[in-house]
Number of protein chains: 2
Amino acid sequence: MSPQTITPEKERLVAMLKALSNPIRFQIMEMLAECQTCITNDIVLQTPLAQATISQHLKVLREAGLIQGTTSGPATCYCINDESIHWLKEQIGQWLPDCCHQGKEHQ
Amino acid sequence: MSPQTITPEKERLVAMLKALSNPIRFQIMEMLAECQTCITNDIVLQTPLAQATISQHLKVLREAGLIQGTTSGPATCYCINDESIHWLKEQIGQWLPDCCHQGKEHQ
DNA sequence: CACTTATATCGTATATTTACGATATAAAGA
DNA sequence: TCTTTATATCGTAAATATACGATATAAGTG
């Protein structure tokens, strides 16, 4: 299989990168990493954006598998999907192994 | 400094992720990793897209610092910017250190 | 049962991205 | 110099992404 063949794994990776490539969503991930679990409104209050906008961004992150939401009363508790972050790091770590002398002159 | 503060480093990282979050551009990176150096037309021939479109994608990758282009006669030779890939891997590897038990139960 | 709180979704306006044909530029060969 | 080859850029159309107000839903509270 040619290196540039599109596999479901690569599709998943590109979808994750797309979700993370928006500055607001990237920050939401960092907020969630810091607070462990927080509800939509906690995030809304930490940004200048409208609730509807944040809810939409959370949906994108959820659909990329990067976060999980569980209903708790009227609120939704969001937290990072640790497995997906681990998978992402592994994929990026292994990506383009030939091109950048990894683990040789660096680290 | 709060974890979710936007630093120039984070901006650079998000810009790289954005450039990589397009399937065509992701594939171009893999093509370049395989062939080491190739000209625009080599890439055009490996995709169903028009030359103008590929040239535009190459510009995005170049502006994100992910690839470098050097003029060689009428052609432009592109290659991956190894330093930037190394930096990207390092950043992702260090990202969200608290959230995903990295290096403990896995690897 | 109102009322508050928290959220998701709908409809929509605007901005950005993506793709392409046409065209300009630049180098090399006949 | 004319032609070919390789590329970048311009203008533009179509598709997506982004943001917001309005609204619907759902769970508690008095």
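We use all heavy atoms of the structure for the numbers below, so side chains are in, but hydrogens, waters and symmetry mates are not. Model, not experiment: these values are computed from the prediction. Chain letters run A, B, ... following the sequence lines, proteins first and then strands; every chain starts at 1.
Put simply, CD1 on B:I54 is 11 Å from C1' on C:dT18, counting in whole angstrom units. Regarding A:N22, its CG atom lies at a distance of 13 Å from the P atom of C:dT16, rounded to whole Å. Between the CD1 atom of A:I39 and the C1' atom of C:dA6 there is a distance of 7 Å, rounded to whole Å.
No contact: A:L58 has no heavy atom under 4.0 Å from any strand. Note on A:T76: only backbone sugar-phosphate atoms sit closer than 4.0 angstrom, heavy atoms only; bases stay farther off. Among the heavy atoms of the strands lying under 4.0 Å from B:A52 is at least one base atom, whether or not backbone atoms are also near. Nucleic acid contact class of A:T40 (heavy atoms, under 4.0 Å, all strands): sugar-phosphate only.
With rounding to the nearest 0.5 angstrom, the CG atom of A:L96 is 11.0 Å from the CD atom of B:E34. Note: A:Q91 CD to A:H86 NE2 = 11.0 Å, rounded to the nearest 0.5 Å. With values rounded to the nearest 0.5 angstrom, B:I92 atom CD1 is found 8.0 Å from A:K89 atom NZ. For the atom pair CE of A:M16 and OG of A:S84, the computed distance is 4.5 Å after rounding to the nearest 0.5 Å.
A:S21 contributes a side-chain N or O that, together with a main-chain N or O of A:K18, makes up a donor-acceptor pair within less than 3.5 Å.
Comparing A:S72 and A:L49 by the nucleotide of DNA chain D that holds the closest heavy atom to each, the one mapping nearer the 5' end is A:L49. Each of A:P48 and B:A75 has a nearest nucleotide on DNA chain D; the 5'-most of these lies closest to B:A75.
Of the side-chain N and O atoms in B:H57, one or more sit less than 4.0 angstrom from OP1 or OP2 of C:dA19. For the OP1/OP2 pair of C:dT16 and a distance below 4.0 Å, the side-chain nitrogens and oxygens of B:K18 include no atom meeting the criterion.
A:L32 and A:C38 get closest at one heavy-atom pair: CD2-SG, 3.6 Å.
Extent of DNA chain D lying under 4.0 Å from chain A heavy atoms, first and last nucleotide in 5' to 3' order, is D:dA17 to D:dG28.
Residues A:W95 and B:I85 form a side-chain contact, since some pair of their non-hydrogen atoms from C-beta on lies under 4.5 Å apart.
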